[in-house]
Amino acid sequence: MLVGLFLRNYKVYNGLNFIPISFGDYFTAYFGQNGAGKSSVLEALNTYFNDSDWIINRKKSDSSQKYSERSYILPVFLLPFSELSQSTDREKKLYDLCKQLSEYFWNIKETSSTSQEIKYFFDYRDMLKKKYPKEDYCLLLIGKLYLSEDHLPYFGAFQNEPDFLSIFSIKASDEEDLDKQKEENDKNVFSFFEDINIINYISNLYNYIYLPSDIDVETFTKLENDAMQDLLRKNVKDAIADSITSDMMEKINKNLSEYVNEVSSKLENYTYAQKKGADREIKKTDLVNRIIRAYFTNKVLSKKGNITIPVNQLSSGEKRKALIDVTVTLLETSEQDKKVILGIDEPEISLHISACFEQFEKLRGLSSLKTQVLVTTHWYGFFPIVGSGLACCITDSLPQENLPNKKIISIFSLEHYLEEINVRKIEESKQKRQDYQSTDPYKDTLHTLPGDIFLKSKHDLVQSIVLSMRGDNSYNYLIVEGYSDRIYFNKYLEPYIISNNLRILPVGGRDLVISLMEYLYLSMNSIQDDITTKIIGIIDNDSKQPSLHYYSDTGNLKLRRIRFDSKEKDIVLEDPKSSESENVTSIEDILEPDLFIKTIREVINDEYSEVREIFNDENINNEAKCSWDVVDYKTSQRNKVKEFFGNKSIKTAFSKQYIKNDISINKCSAIKEIVHLFNFPIKSEKSEVEPSISLETDIYSKDKASKEGNSNQTKIEESQNLETKKTAFIVHKKNIENEKKRVVVVKKKIIKE
């Protein structure tokens with residue numbers, strides 16, 4: 001997959017810029033102001049993979065550009081070594097070369113002369129190291145230099161480093177002039193690769209499909225179009241050629257020749273002579289091209305219905321929808337022989353806000369099938385839909401004298417984006433803006449977020465949630481405090497994520513859960529009758545009573561606080577306005593006692609030996625109903641355990657270890673009560689996760705094969721859910737009838753008065 005991209009002097013990217021693409025997930029979104037450089041990323045990849053025109057930065061004209069400032073595109077590839085072919089001697093040589101290059105890129109370290117953009121890449125690479133062992137994964141930077149031959153690779157700033165050049169037994173140039181030095185080094189590297197096409201060796205593993213915002217949908221969807229054949233992975237010309245045999249061609253040419261000779265023989269003073277340089281016989285390719293023109297010219301993509309409407313007669317929004325529908329469907333249903341990277345400019349363009357959710361849901365589903373999806377957008381409502389992936393905000397750096405105007409790329413994970421945004425907001429509020437302006441203008445480009453994202457993301461999120469709860473394929477939402485909460489709930493509630501369209505959304509703390517529920521309450525208050533699904537918010541019981549200003553429970557919206565009840569000796573879900581506030585309770589306190597003990601013994605290390613001693617066998621309460629009561633804690637001991645789980649990395653590691661166990665909804669009263677709040681049926685004693693599924697697997701990213709494998713169970717579950725919805729509908733219908741009766745009474749009263 002693509003994990004990053006270097007651009008120098010390409011379109012709006014002045015100087016050298018590093019753009020993150022992925023940490024391993026298959027969905028990436030770029031957002032920012034118009035002209036920020038979102039589309040330039042997708043266009044650059046189209047230039048690299050599909051040889052589209054180079055668009056040079058307007059400040060760097062061809063005539064004035066120094067050799068050392070020449071534009072280049074340098075993708076960063078990450079792929080398993082097992083996917084590199086070694087079937088021929090040539091490929092074995094390329095494989096060995098890739099291993100050497102990968103070793104260099106994994107291990108190279110910064111020096112005093114390393115540029116800031118290269119340092120950002122090193123930071124990014126070091127984060128990748130934590131997930132991808134360099135022994136198993138090949139990290140390659142293989143680019144193209146403007147005005148150089150396409151088959152010659154360019155390695156960017158690294159191409160001038162002596163250690164890099166030594167891989168090819170090339171001695172670094174000793175020219176004093178930087179421009180001449182780079183040109184000489186490049187010349188030697190190009191000479192080495194003249195007969196070694198490493199670009200094709202890597203890029204031919206990928207099929208990059210680009211859908212710009214101004215694409216002609218009718219032209220793109222013609223079956224004979226190269227892009228459509230890329231989607232189908234079936235070449236129409238090959239399909240026709242395969243049906244035309246050599247005997248057929250021989251017979252056609254023989255009959256035509258006889259016909260021409262016969263006509264010529266009847267003309268005393270004339271003949272049909274062959275044009276100079278023209279082929280004497282018709283070739284198979286000539287026949288194929290004629291057949292294509294004859295067969296496909298009058299066939300256009302059309303929308304089905306009572307009247308079939310050609311795609312060119314649809315509205316702009318319908319055309320955009322058709323484009324996504326066709327692309328996604330063909331990629332999902334066609335067997336692909338290459339890794340597909342799909343780049344789409346603004347999938348939401350020309351669409352009503354209610355249709356945006358559906359567009360991004362399709363792309364999310366496609367990314368779950370391991371098609372790498374890259375989009376640009378001005379709509380933030382996709383954040384809760386995708387479930388996993390990377391969001392990149394592109395802005396301009398602050399103007400600095402004698403420095404090029406670089407781009408600031410702010411990134412965050414879509415898996416727990418609200419939590420991450422909130423943490424960033426708190427961190428950034430500690431540093432005054434003027435202090436940041438007076439230091440390095442490129443500082444923390446991977447960490448700084450623009451101010452408007454906090455407001456716009458919440459607004460679009462609420463809009464997205466509300467719209468997704470209306471219609472046939474409506475969603476249920478469980479809104480929780482943090483990422484570890486989501487890990488537990490994903491495991492316990494997995495059967496409902498597919499069959500009941502349940503989405504679990506971590507937002508970054510108790511106050512944010514409350515704030516979001518208040519926003520939702522105000523937004524949904526007037527449309528309750530149109531909604532049949534539910535939103536449940538879950539918060540911890542802190543020592544401080546929560547403040548609720550604009551919220552009340554409704555039939556579709558419920559906020560609950562988890563608290564250990566000393567009388568029940570178990571966790572209860574209660575109204576957060578309840579005056580009861582004893583026993584501070586967090587997500588780790590609601591778990592199954594035996595699994596909690598097992599997990600804490602597995603993850604605890606010597607640094608927390610005092611915590612380990614708390615959970616000795618003699619201290620365990622075997623009658624405990626939940627993990628809160630698993631030990632008869634002293635106050636000091638409970639504080640130590642609280643401090644232990646206060647460490648975010650430990651909190652996350654514990655949750656991931658815990659869900660490796662066979663868990664049971666019936667052994668966790670809090671989870672069981674949440675299921676009842678949604679009116680979901682209790683599906684099974686144990687969770688239905690296969691042991692082989694990776695802990696890192698996103699629950700929302702189950703592919704179609706998984707869905708089909710559980711189709712029978714799903715039908716039963718959907719049948720049960722249908723009964724629940726029918727009951728809700730009957731109640732809803734009665735409410736409408738009662739409301740009509742009330743209106744009649746009021747009218748009579750008014751007339752009487």
Looking at side-chain heavy atoms only, is the closest gap between Leu145 and Arg70 below 4.5 Å?
yes
Determine whether Leu94 and Arg90 satisfy the following criterion, side-chain contact (heavy atoms from CB on, under 4.5 Å), listing intermediate values before the conclusion.
CA-CA 6 Å; Leu94 284 164; Arg90 173 185 162 278; 3.7 Å; yes
Donor-acceptor under 3.5 Å (Ser166 side chain, Ser169 main chain):
no
Which pair of heavy atoms, one from Val217 and one from Thr221, lies closest together, and at what distance?
O-OG1, 2.8 Å
Is it the case that the side chain of Ser102 and the backbone of Cys98 share a donor-acceptor pair, with hydrogens and angles ignored and the cut-off at 3.5 Å?
no
Is a side-chain donor or acceptor of Gln86 paired with a backbone partner of Glu91 at a separation under 3.5 angstrom?
no
Can Ile118 and Glu110 be said to form a side-chain contact (heavy atoms from CB on, under 4.5 Å), step by step?
CA-CA 8 Å; Ile118 300 296; Glu110 67 179 72; over 6 Å; no
Closer than 4.0 angstrom, basic N to acidic O: yes or no for Asp286 and Lys283?
no
Answer yes or no on whether Lys38 is positioned over the face of Tyr30, meaning its NZ or CZ is under 6.0 Å from the six-membered ring centre and within 45° of the axis.
no
Take atom NZ in Lys180; do more than 12 heavy atoms of anything else shown fall under 6.0 Å from it?
no
Show the numbers, then the answer: is there a side-chain contact (heavy atoms from CB on, under 4.5 Å) between Leu139 and Leu79?
CA-CA 7 Å; Leu139 182 69; Leu79 67 163; over 6 Å; no
Counting only N and O atoms by type, is there a donor-acceptor contact under 3.5 Å from the side chain of Ser191 to the main-chain atoms of Lys187?
no
With ring centroids as reference points, do Phe164 and Phe155 lie under 6.0 angstrom apart?
yes
Cation-pi check, Lys131 to Phe23: give yes when NZ or CZ is under 6.0 Å from the six-membered ring centre and within 45° of the ring axis, no otherwise.
no
Main-chain N/O of Leu2 paired to Gln372 side chain as donor or acceptor, under 3.5 Å
yes
Side chain to side chain contact (heavy atoms under 4.5 Å, CB included) with Gln159: which of Ile170, Asp186, Leu74?
Asp186
Taking the side chain as C-beta and beyond, is there a heavy-atom pair between Thr47 and Asp51 under 4.5 Å?
no
Please evaluate residues Ile108 and Arg125 with respect to the criterion side-chain contact (heavy atoms from CB on, under 4.5 Å), reporting the C-alpha separation (whole Å), side-chain torsions for both, the decisive distance (0.1 Å), and the verdict.
CA-CA 10 Å; Ile108 184 175; Arg125 175 203 63 187; 3.5 Å; yes
Quick one: do Asn312 and Lys319 satisfy side chain to side chain donor-acceptor pair (under 3.5 Å)? Show the steps, please.
CA-CA 8 Å; Asn312 64 330; Lys319 286 179 183 177; over 6 Å; no
Checking side chain to side chain donor-acceptor pair (under 3.5 Å) for the pair Glu194/His151: CA distance, chi angles, key distance, verdict?
CA-CA 8 Å; Glu194 185 63 48; His151 72 285; 3.2 Å; yes
More than 12 heavy atoms from other groups under 6.0 Å of CG on Asp195:
no
Short question: side chain of Ser148, backbone of Lys144 - any donor-acceptor pair under 3.5 Å?
no
Has Thr327 got a side-chain atom pairing as donor or acceptor with Ile324's backbone, closer than 3.5 angstrom?
no
Say whether, by atom type as modelled, one donor and one acceptor occur between the side chain of Lys407 and the main chain of Ala36 under 3.5 angstrom.
yes
Using atom types as modelled and distance alone, determine if a side-chain donor or acceptor of Asp177 lies under 3.5 Å from a backbone N or O of Asp179.
yes
Indicate yes or no: at least one non-hydrogen side-chain atom of Leu366 is less than 4.5 angstrom from one of Leu342.
yes
Given Phe77, which of Tyr201, Tyr206, Tyr132, Tyr137 fulfils the ring-ring contact (aromatic ring centres under 6.0 Å, His included) condition?
Tyr206
Can you tell me how far CG of Asp345 sits from OG1 of Thr376, rounded to the nearest 0.5 angstrom?
4.0 Å
Does Glu348 form a side chain to side chain donor-acceptor pair (under 3.5 Å) with Thr377? I'd like the steps, not just the answer.
CA-CA 7 Å; Glu348 77 281 5; Thr377 184; 3.1 Å; yes
Measuring from atom CD1 of Ile167 to atom CD of Glu103, what distance do you get when rounded to the nearest 0.5 angstrom?
9.5 Å
Which of parallel (below 30°), tilted (30 to 60°) and perpendicular (above 60°) describes Tyr124 and Phe18?
perpendicular
With a 4.5 Å heavy-atom cut-off, do Phe27 and Leu363 have their side chains touching?
yes
Between Asn185 and Ser173 (side chain of the first, backbone of the second, donor and acceptor by atom type, cut-off under 3.5 Å), is there such a pair?
yes
Centroid separation under 6.0 Å, is that true for the rings of Tyr146 and Tyr10?
no
Nearest heavy-atom contact between Gly317 and Leu351 is O-CD2, 3.2 Å
Please say whether more than 12 non-hydrogen atoms of neighbouring residues, nucleotides or ligands are located less than 6.0 Å from NZ in Lys119.
yes
Would you call the rings of Phe168 and Phe192 parallel, tilted or perpendicular, where under 30° means parallel and over 60° means perpendicular?
tilted
Test item: Leu390 and Ser413 side chains (from C-beta on) under 4.5 Å apart, heavy atoms:
no
One should read off an interatomic distance between Leu5 CG and Ile19 CD1, to the nearest 0.5 angstrom, of 4.5 Å
Are Lys362 and Phe360 in a cation-pi contact, defined as NZ or CZ under 6.0 Å from the six-membered ring centre and within 45° of the axis?
no
Take Lys339 and Glu83 through the test salt bridge (Lys or Arg N to Asp or Glu O under 4.0 Å) and record every step on the way to the result.
CA-CA 11 Å; Lys339 296 176 179 296; Glu83 293 182 358; 2.8 Å; yes
Distance check, rounded to the nearest 0.5 Å: Leu84 atom CG versus Ile202 atom CD1?
5.0 Å
Test log, rule ring-ring contact (aromatic ring centres under 6.0 Å, His included), inputs Tyr72 and Phe6:
CA-CA 8 Å; Tyr72 69 72; Phe6 280 101; 7.5 Å; no
Under 4.0 Å between a Lys/Arg side-chain N and an Asp/Glu carboxylate O for Lys222 and Asp216?
no
Quick check: are there more than 12 heavy atoms from other residues, nucleotides or ligands sitting under 6.0 Å from NZ of Lys130?
no
CG on Asn107 to CG on Asp163, rounded to 0.5 Å:
11.0 Å
Step by step, would you call Glu117 with Asn17 a side chain to side chain donor-acceptor pair (under 3.5 Å)?
CA-CA 6 Å; Glu117 293 297 324; Asn17 293 264; over 6 Å; no
What's the spacing between Leu128 CG and Ser22 OG if we round to 0.5 Å?
8.0 Å
Flag side-chain contact, heavy atom, 4.5 Å: Val340 against Ile209
yes
With a 4.5 Å cut-off on side-chain heavy atoms, are Asp396 and Ile408 touching?
no
Locate the shortest heavy-atom distance separating Lys11 from Ser40; write the atom from each residue and the value.
CD-OG, 3.2 Å
Is the gap between the ring centers of Tyr210 and Phe49 under 6.0 Å?
no
